[in-house]
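Comments concern the structure below.
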Amino acid sequence: MSLHRKGRTALVLALVVVVAMAFRVSWNALRDVAGAIGADDTAAMLYPFVVDGLMALALIATLVLAGRDRTFALRVLAGYTLASLVLNYVHGLVPELHGRSVDWGRLADWDPANWALVLLATSLPVGSIYFGSDLVAKVLHHRPTPITAPTTNAEESTNTKRNQSSSDLAVSTPAPITPNVTALPRAVAVGFLKSNIPAKPVGAIEQPTPAPIERRAVAAESTRPRRATGRVPEVARTPRPKRTPDELLDEARKVTADWPDTRLTAEGIRREVRTSPANARTLRDTLRAERGLQVA
């Protein structure tokens with residue numbers, strides 16, 4: 001463990017030495033470029049810290065951050081590395097920069113290239129303020145993901161629980177639920193009273209034999225007898241008394257006493273008196289004749 005830690009420490013120290021030497025080599029180039037774009041002696045001395053210093057900050061942020069923040073830090077590091085490379089390359093191509101004998105704002109003979117180089121050199125300090133502040137804020141707000149230590153006896157506990165039978169577990173298999181099935185009582189035939197109204201004798205009707213009702217098991221309990229459903233057989237219906245023509249006429253007179261002549265129709269009489277269409281037409285003709293109207 002100590003050898004591993006010593007190796008990491010030696011690697012970090014070697015990186016610091018390499019970065020320091022590279023910074024010293026790039027110092028003169030960045031200082032001369034800063035003087036060529038109008039910086040005074042103090043600003044020209046600090047200009048290398050702006051470019052190469054932000055590169056070191058982005059490198060540290062890359063080692064600390066993770067995910068999208070690490071990608072952002074890598075892009076900042078790559079961008080400022082490329083900018084430093086371009087400025088060092090221009091410093092090597094223009095010998096006048098070494099003795100500071102070049103005109104202010106003149107880094108190349110071709111105007112478009114000169115404008116691009118001046119824009120690059122002057123925008124690096126502003127970019128260092130923005131990107132440096134953003135990287136520092138990301139590092140300060142970074143929360144490393146906690147690493148849970150592996151459980152030593154995890155595999156053993158898993159095997160122990162796997163070998164347990166179902167009766168040893170805390171929750172056993174529940175007993176099956178038996179439904180409470182209760183058969184309903186057989187339907188009771190409803191008795192109907194005979195009508196006291198005298199009626200004409202009717203021939204005996206042969207009563208059909210009712211089909212037996214089979215019992216069915218249901219899940220719900222019921223103490224009331226099952227009601228008869230469906231159409232009531234003819235033999236179980238109460239016979240309606242048959243009215244004579246005089247009774248029909250008297251009932252029709254009472255119903256249509258306050259009717260106007262236009263309402264006196266066979267359909268209206270049939271609905272009110274509840275008789276057949278033929279009887280309704282006969283009653284209509286009789287009532288219209290009584291009112292002195294033309295019989296239809």
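As a basis for the values below, the full set of heavy atoms in this structure was taken, side chains included, without hydrogen atoms, waters or symmetry mates.
Aromatic rings of W27 and F49 (six-membered ring for Trp) have centroids within the 6.0 Å cut-off, being under it.
In this structure, I269 and V255 have side chains that are not in contact, with every pair of non-hydrogen atoms separated by 4.5 Å or more. With a 4.5 Å cut-off on side-chain heavy atoms, T62 and F72 do not count as touching. The closest side-chain heavy-atom distance from V90 to V33 is not below 4.5 Å.
Atom-to-atom distance recorded for L63:CG and R70:CZ is 7.5 Å, nearest 0.5 angstrom. Rounded to the nearest 0.5 Å, atoms OG (S26) and NE2 (H91) are 9.5 Å apart. Interatomic distance, CG of L287 versus CG of D261, reported as 11.0 Å (0.5 Å rounding). Between the NZ atom of K138 and the CZ atom of R68 there is a distance of 8.5 Å, given to the nearest 0.5 Å. A distance of 11.5 Å separates CG in L124 from CD1 in I129, rounded to the nearest 0.5 Å. R243 CZ to R274 CZ: the interatomic distance, rounded to the nearest 0.5 Å, is 9.0 Å.
Electrostatic pairing of E267 and R270 counts as a salt bridge here, judged by a charged N lying under 4.0 Å from a carboxylate O.
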List the steps, then state whether salt bridge (charged side-chain N to carboxylate O under 4.0 Å, His left out) holds for R253 with D250.
CA-CA 5 Å; R253 285 172 181 168; D250 291 340; 3.8 Å; yes
What verdict does the side-chain contact (heavy atoms from CB on, under 4.5 Å) test give for N88 and L30, after you've listed the backbone C-alpha separation in whole Å, the side-chain angles of each residue and the deciding distance to 0.1 Å?
CA-CA 7 Å; N88 278 270; L30 296 179; 4.3 Å; yes
Step-by-step side-chain contact (heavy atoms from CB on, under 4.5 Å) determination, L13 to T9
CA-CA 6 Å; L13 292 176; T9 304; 4.3 Å; yes
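Grouping the Ile, Leu, Val, Met, Phe, Trp and Tyr side chains by contacts below 4.5 angstrom, directly or via other members, places M55 apart from V139. Under the 4.5 Å side-chain contact rule for hydrophobic residues, V76 and Y130 share a cluster. Under the 4.5 Å side-chain heavy-atom criterion for ILVMFWY residues, a single connected hydrophobic cluster contains both V273 and W259. Under a hydrophobic-cluster definition in which Ile, Leu, Val, Met, Phe, Trp and Tyr are linked whenever side-chain heavy atoms come within less than 4.5 Å, directly or via other members, V51 and L117 are assigned to the same cluster. No single ILVMFWY cluster, assembled from side-chain heavy atoms under 4.5 Å apart, contains both L59 and L74.
No more than 12 heavy atoms of other residues, nucleotides or ligands sit less than 6.0 Å from atom CZ of R75. Other residues, nucleotides and ligands contribute only 12 or fewer heavy atoms inside 6.0 Å of the CZ atom of R271.
Between A39 and A44, the shortest heavy-atom distance links the atoms CB-N, 4.1 Å. Contact between R291 and A257 at its shortest, heavy atoms only, is NH2-O, 4.1 Å. Across every non-hydrogen atom of A266 and A280, the tightest pair is O-CB, 3.3 Å. Across all their heavy atoms, H142 and A66 have their closest contact at CE1-N, 4.2 Å.
Checking N279 against S276 by side-chain atom types alone, a donor-acceptor pair falls below 3.5 Å.
For S128 (side chain) and V50 (main-chain N/O), a donor-acceptor pair under 3.5 Å exists by modelled atom type. Remark: the backbone N or O of T81 is not paired with any side-chain donor or acceptor of S84 at under 3.5 angstrom. Side-chain atoms of E251 never come within 3.5 Å of backbone atoms of L248 as a donor-acceptor pair (strictly under, hydrogens ignored).
A side-chain contact (heavy atoms from CB on, under 4.5 Å) with Y80 is found for one member of L57, L54, D52 and no other, namely L54.
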